[in-house]
Enquirer: 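Have a look at this one before I ask anything.
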Amino acid sequence: MGKDRRELETRLIHPLKRAPQRFDSLAVPVERASTVLFDSLAEALETGRESDEHYRYGVNGTPTTRELELRIGEIENAAGCTLAPSGLAAIALTYLATCKAGDHVLIPASVYFPNVRIGRWLKNLDIEVETYDPMLGAQIADLLRPNTRLVWCESPGSISMEVQDVPAIVEAAHANKTIVAVDNTYAAGLLFNPLDHGADLSIHALTKYPGGHSDVLMGAVNARDERLALKLRDTARLLGICVSSDDAALVLRGLPTMKLRIDHVGKAALGIARWLDGHDAVETVLHPALPACPGHATFERDFSGSAGVFSVIFKDWPRDKVARFVDGLELFKIGYSWGGVASLAMAYDRLVRPSREEGDRLVRLNIGLENVEDLKADLDRAISNA
Ligand SMILES: *Cc1c(COP(=O)(O)O)cnc(C)c1O
């Protein structure tokens, strides 16, 4: 039967004509696939032996997702990068790739809270996760045990913004043969590179600055050495942890403007933080570039700049006044996450840091790309009306 005599339902799947294939766009093509085709059975069986030179099945990556892995890896000079469907999934993957039953893990008390919840769940796998004071530095040596497999850092810490002495923690951990993983979402690899300071893994919520437009969730783990990079990659593939090419394309679109966006919001946020620091209603501004922030000296030593997220603690404000302030903002929207173009504000229930009592008066701000004077006016008005 000639090709042109096949029935329509067949031709809907195997069309007679194809558009010319050569097409050199500046954008990385979005290539979608579950099935990937081979020229022969021999090639299919050979490609079955895992290698990054080949594509085998959608779970193992597409040209679009591999391109994104290479670009995220390049930012921090990593030996390898593995993508995950959210920043949170990248954290979970890090645990599963590095820890086994009987291991002990240390996480800073200032860590992104869902990481603490994963830590509690890991008890089911006989992995013990213990919290430590983020400001410990070299003294973390006292908490390391023979079975301490992993130390997490997150710098600055979520919400309370403590800047950690990552080089000192790395030195102590490595002397104990313990892996150090840094949640580097704040710096996005641009303001601080933990791998340059000896950390083994750098974890990113690409949801934040790399995506940059609040319309995609993704995470990544960058590894400093080849062996750990392979371990992360193999664990992700074993567990079916992968991302869609469409989502990867959204992050690829955000990357070229990421540095300009961070530079801009970094400057804008610092200006607003300084202005708030001088405001009558404000007790403390927790911004790593300001002296009141725990670890400020470490920040000055290790970071090349600050990003667009920080927290403010109001003077003597009861809980309902904080709520009226947040609700009264117009340009600042109320929502979790950060790193997009829109400014956001969030207050927290039962925040136990920096102290329980201050936690009730704390508001975290994400500065977006709006005009800085408009943002200050919005804050000023909401403070007056609170
Ligand atoms: C947002 C965030 C995450 C989680 O990222 P998602 O993509 O939202 O799951 C992890 N760590 C830090 C520090 C974050 O701010």
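We count residues from 1, following the sequence as given. Predicted model only: the values in this text are computed from it and were never measured. Both counts, for ligands and for their atoms, begin at 1 and track the order of listing. Worth knowing before you read on, the calculation uses all heavy atoms, side chains too, and leaves out hydrogens, waters and symmetry mates.
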Enquirer: Do the rings of F325 and W317 sit parallel, tilted or perpendicular, given the 30° and 60° boundaries?
Expert: perpendicular
Enquirer: Where does ligand 1 get N/O contacts under 3.5 Å from the protein, atom by atom?
Expert:
{"from": "ligand 1", "atom 1": "7 (O)", "to": "G87", "atom 2": "N", "distance (Å)": "2.7"}
{"from": "ligand 1", "atom 1": "7 (O)", "to": "T207", "atom 2": "OG1", "distance (Å)": "2.5"}
{"from": "ligand 1", "atom 1": "9 (O)", "to": "G87", "atom 2": "N", "distance (Å)": "3.2"}
{"from": "ligand 1", "atom 1": "9 (O)", "to": "L88", "atom 2": "N", "distance (Å)": "2.9"}
{"from": "ligand 1", "atom 1": "11 (N)", "to": "D183", "atom 2": "OD2", "distance (Å)": "2.6"}
{"from": "ligand 1", "atom 1": "15 (O)", "to": "K208", "atom 2": "NZ", "distance (Å)": "2.6"}
{"from": "ligand 1", "atom 1": "15 (O)", "to": "W338", "atom 2": "NE1", "distance (Å)": "3.2"}

Enquirer: What pairs with E300 under salt bridge (Lys or Arg N to Asp or Glu O under 4.0 Å), at least two apart in sequence or on another chain?
Expert: none
Enquirer: Run the side-chain donor-acceptor check on residues 269-279: report pairs under 3.5 Å with partners two or more places apart or on a different chain.
Expert:
{"from": "H279", "atom 1": "ND1", "to": "A281", "atom 2": "N", "distance (Å)": "3.1"}
{"from": "H279", "atom 1": "NE2", "to": "D380", "atom 2": "OD1", "distance (Å)": "3.0"}

Enquirer: Enumerate donor-acceptor pairs with a distance under 3.5 Å from any side-chain N or O in residues 29-38 to protein atoms, sequence neighbours excluded.
Expert:
{"from": "R32", "atom 1": "NE", "to": "D246", "atom 2": "OD1", "distance (Å)": "2.9"}
{"from": "R32", "atom 1": "NE", "to": "D246", "atom 2": "OD2", "distance (Å)": "3.2"}
{"from": "R32", "atom 1": "NH2", "to": "D246", "atom 2": "OD2", "distance (Å)": "2.8"}

Enquirer: If we count only N and O atoms by modelled type, under 3.5 Å, do the side chains of N184 and E76 hold a donor and an acceptor together?
Expert: yes
Enquirer: Might you work through the side chain to side chain donor-acceptor pair (under 3.5 Å) test for W152 and Y95, ending with a clear yes or no?
Expert: CA-CA 10 Å; W152 275 98; Y95 278 113; 3.2 Å; yes
